[in-house]
Amino acid sequence: MEMKGSSKKMIATEAEMVENKAPIPYRDECAHLLFKCEYELVRERMLQMQKIHEEEAKLKQSGKQAGSIPLIPKTANA
């Protein structure tokens, strides 16, 4: 799909723009950049969640719960 009045070639197809739910105002020669950015953000969030789950699993294995309150509080002089 070639845009009139532009020197840039369309990289993303109309079907890809629809599939990736690109907002209509952004369906231009730069739409492929939007898809790449969204993909990278999703991947980054997934890696962060994986790290959180790994940390929680380590705490669980050591017998401690994240954010748990001790049953016997430490005194100021202890």
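Keep in mind that the numbers below use all heavy atoms, side chains included, and drop hydrogens, waters and symmetry copies.
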*Of the non-hydrogen atoms in Val18 and Arg27, which two are nearest, and what is the gap between them?*
CG2-NH1, 3.8 Å
_Minimum-distance pair of heavy atoms, taken over all atoms of Thr13 and Glu16_ = N-OE1, 2.8 Å
*asked:* Restricting to side chain to side chain contact (heavy atoms under 4.5 Å, CB included), what partner residues turn up for Met46, sequence neighbours left out?
replied: Val42
*For Gln50, which of Glu54, His53, Gln48 qualifies under side chain to side chain contact (heavy atoms under 4.5 Å, CB included)?*
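When side chain to side chain contact (heavy atoms under 4.5 Å, CB included) is applied between Gln50 and each of Glu54, His53, Gln48, only Glu54 qualifies.
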Between side-chain atoms of residues 31-40 and protein atoms elsewhere (two or more places apart, or another chain), which donor-acceptor pairs fall under 3.5 Å?
unit_1 : atom_1 : unit_2 : atom_2 : d
His32  : ND1    : Glu29  : O      : 3.2
Lys36  : NZ     : Glu40  : OE2    : 2.4

*asked:* Once rounded to the nearest 0.5 Å, what's the spacing between atom CD1 of Ile52 and atom CG of Leu47?
replied: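 Reported value, rounded in 0.5 Å steps: 11.0 Å.
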